[in-house]
Every structure is written in C-alpha cells, then in structure tokens.
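First the structure, in the form of structure tokens, and then the observations on it.
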Number of protein chains: 2
Amino acid sequence: MAVSARRGSPLSREEIRATALRLVDEGGVEALSMRKLAAELNVNPMSLYHHVDNKEALLVEVCTNMAERLHLPPDDGTPWQEQLRALGRAYHEHVRAHPALWAYVHGHPELIENRKLGLWEVLYRILRAAGVAEEELRRTSDVLHAFVTGFIFSEVQGHMSDDPDEIDRAFEQAMDIIVKGL
Amino acid sequence: MAVSARRGSPLSREEIRATALRLVDEGGVEALSMRKLAAELNVNPMSLYHHVDNKEALLVEVCTNMAERLHLPPDDGTPWQEQLRALGRAYHEHVRAHPALWAYVHGHPELIENRKLGLWEVLYRILRAAGVAEEELRRTSDVLHAFVTGFIFSEVQGHMSDDPDEIDRAFEQAMDIIVKGL
DNA sequence: ACCTGAACACCGTTCAAGT
DNA sequence: ACCTGAACACCGTTCAAGT
C-alpha cells in the first residue's frame, strides 16, 4: 500500500509539527519548505496537505505550540521588582531555545494570539503590585513588553556582544533601567 | 534598438533602487520580486542583473540608502535628557516613513552597516553627557537602542493601540522610563 | 481515509545570443 | 555597453486519480 511503502506509520499533525520546528531551529524559517519537510518525513509533498491547510497554517501551529511552552514564574510573594526580573529572565530563556522561530514570530505577530499567552496576565499582576494605575496597565505593559522583546531580539540577531557573560550583564542592566524607571 | 523599444532611457541604479523602495513601501518586502520590479520598469527581468549583482545586493542598497537618510538632531546644548528624547523621536519618525523596510532591516541586521550610521556617535555623545562611564558606553547604548527599536517595531507591527495620540503617549512613557532609569 | 503524480503559476539566476 | 529569450532549479498549491 501507499502508506507502508515509504513509512511505517501514517503521518500525524504532531510529527509534522515537530519536524517543521526542527527544520526551523536548524536552518531558520527560510529553510522550511513544504517540499523539504515532506522529504524529511519520507512522504510525497502533497501528503502534507491532508493534515495541514497550507504553509502559513502550519507555521501558525508551530509558533503557537512553541509559545505555549513558555514557562511562567508563579506568584511567590517576593517584591514586584524581583518578580518582574524573573518574568524577564523566563522570557529570555525561552527565546534563546528557539531563536529563529521567535525572530519570525516577532516579525509576523499576526500569526499568534499574543494577548492570550498568559504572559500578559502575569505582567498585569506584577504591574498592579508595582502600583501602576488600572487605566495605565495596558500602555505600561505594552512598553515593557516592547523593551524586553527588543532586547532579546537584538541579542538573537547578533547585535550584542558575543560573550555570554557580557550579555547577561546587559540584560541585568536592561532590567535595572526598567525597574528603576517605572 | 532594444533600449528605446520599451523605454526612453537606459536603466539606472538610482531608478531601480527608487522603484524597489516604492514596491516595498506599498506591499512589504515579500511584494518585491526581481520579475515584478522589471515589469514595473518596463524591462526584461534579466536586464536588472546588469546593474545589480542579485536580489540581496539590491536590498542592501535600498536599505542602506534609506538608513542614511535618517536625520540626526544636532548638539543644541540642551540637557542630555532632552537630546535623548529628540534622538528617539527622530528615529521614530524615520521608521514610520518606511515601516515595511525597517521591519525587514530589523530582522536582517546583517544587511546594514549598523554601527556606521552616525546614530551611534550621537548616542555616545549624549550618554557621555549623561555621565555614563566610558567602559559602559557600548553596553548602555546597546540596551537603549534595543529598547527604542523594540518599541518602534512593536508599533510598526500593529501591536500597539491604533490611536496615534495614545501611541505618542506610550512613546513618551517609554522615553520617561529610559531617562529616569538611566 | 490517506497518499500520490502531473500540472500550474510563480520564484531567482545563468548563459549564450542579439543590437 | 546594454538588453533579451530560453532554460534550470527551485517554490506553494490544485486536482484528479490511485489504494
């Protein structure tokens, strides 16, 4: 039969997603093509369209799936300054695990339900603890998110120093400015 | 002859660059193809390769040309806080004039000789006036650049409010945090 | 239900040929 | 010197056909 001729098991959305993510991690988003992905899965390119609407829908799935794995620090009762730093660090770590895909998400924010990421709830909670007025939560969180994302993106793009220690120092300084400036 | 059969004058680098920029401004970088660009110029696709090495080289030219037109505020003797704000605003304005291309530059920083942009000299001067130690200039300027770029990128990507006044307020808050946090 | 081959409309780019 | 047509190796995707 067609199935076991080339592969042991039928394709699954999960398998497709994982392989696509691997290709992106290895060679950037521009290294992902439906045809290469199919080759990687030992499958005819057209088989993919049975499981995914099109390339963009696949990317949405891969991005969303990745973003959902962001580990958010819990409310541990420490001062808001410390919690804001912890949130920043968590975001930082997560982006470093999949830099190419994050760079893509950053450039195509329409692909992801950004506001539903839980990240925003945590950020709101911390900002409330910092005494930010209710009507300024949206604006302040937008600014902070843009700052931290800007920093991480810069790093991921190789704008920053190559020395990891120096990058950590820069990140701490970034969080210092935010905490102090708030 | 081949030339005047379709066009009055021979192609020029300048004409190619300007048309490419227009296509990008109108439809994003993904709307620029060598074939469409040639059609726009009433020329055979292959004629372009007589003036430009390849698509990437063309993009480098277009990006660099645009970035060089960033108008940097002069040292007018005002306090560093005010000068830093003015620099931020100048950058902000410039990006808003070519959002699609800037988004692309932001995602492909290797295309541009970023550090030669004059912007950095001005930023260094202002940070010195703010009392930043010589050995911290590089790190601090990296962080600030990442912050401002992050903000503008967020805005350009439609992450922020749709209300221009609200965006201006957010930008002022962003600059407040930076000035105060420094 | 799942997979496939041929085909279509696009790319960027090379190369040999035209004026 | 400048332009061009045909060709090559890639894309994403549709559609009708296979099991």
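Every chain is numbered from 1 and lettered A, B, ... according to where its sequence line falls, protein lines coming before strand lines. Every value quoted in this text rests on a predicted model; they were computed, and no experiment measured them.
Using a 4.0 Å heavy-atom criterion, one finds that B/M34 contacts the sugar-phosphate atoms exclusively. As judged by a 4.0 angstrom heavy-atom cut-off over every strand, B/S33 is placed among residues touching the sugar-phosphate backbone only.
Looking at the side chain of A/R35, the nearest of the listed nucleotides C/dG12, D/dC11, D/dT4 is D/dC11. For A/M46, taking side-chain heavy atoms from C-beta onward, the closest of the listed nucleotides D/dG5, C/dG12, D/dT14 is D/dT14. Of the candidate nucleotides D/dC2, D/dG5, C/dG5, D/dC2 has the atom lying nearest to any side-chain atom of B/H50. For B/S47, counting side-chain heavy atoms from C-beta on, the closest listed nucleotide (C/dA7, D/dC3, C/dC11) is D/dC3.
Between the C1' atom of C/dC11 and the NZ atom of B/K36 lies a distance of 10 Å, rounded to the nearest Å. Distance, B/L48 CG to D/dC3 P: 9 Å, rounded to whole Å. Rounded to whole angstrom, the span from the CG atom of B/L41 across to the P atom of D/dT4 amounts to 11 Å. Summarising the geometry, the separation between CG on B/N44 and P on C/dA17 is reported as 17 Å, rounded to the nearest angstrom. Between the OH atom of B/Y49 and the P atom of C/dT14 there is a distance of 7 Å, rounded to whole Å. Rounded to whole Å, atom P of D/dC2 lies 13 Å from atom CD of B/E15. Separating the CG atom of A/L37 from the C1' atom of D/dG12 is a distance of 13 Å, rounded to the nearest angstrom. The interatomic distance linking B/E30 (CD) with C/dC10 (P) rounds to 16 Å, in whole Å.
A/L101 and B/F153 end up in different hydrophobic clusters when Ile, Leu, Val, Met, Phe, Trp and Tyr side chains are linked at under 4.5 Å.
Regarding contacts with the backbone of D/dC3, a side-chain N or O of B/H51 is found under 4.0 angstrom from either OP1 or OP2.
The shortest side-chain heavy-atom distance between B/R89 and B/M175 does not fall under the 4.5 Å cut-off.
No salt bridge links A/R169 with A/E172; every basic N to acidic carboxylate O contact stays at or beyond 4.0 Å. We find that B/R17 and B/E14 are joined by a salt bridge, their nearest charged nitrogen and carboxylate oxygen being less than 4.0 Å apart. A salt bridge does not link A/R13 with A/D53: every distance from a Lys NZ or Arg NE/NH1/NH2 to an Asp or Glu carboxylate oxygen is 4.0 Å or more.
Across all strands shown, nothing is found opposite D/dC10 as a Watson-Crick or G-U wobble partner with both distances under 3.5 Å. The partner of C/dA16, taking Watson-Crick or G-U wobble pairs whose two distances both stay under 3.5 Å, is D/dT4.
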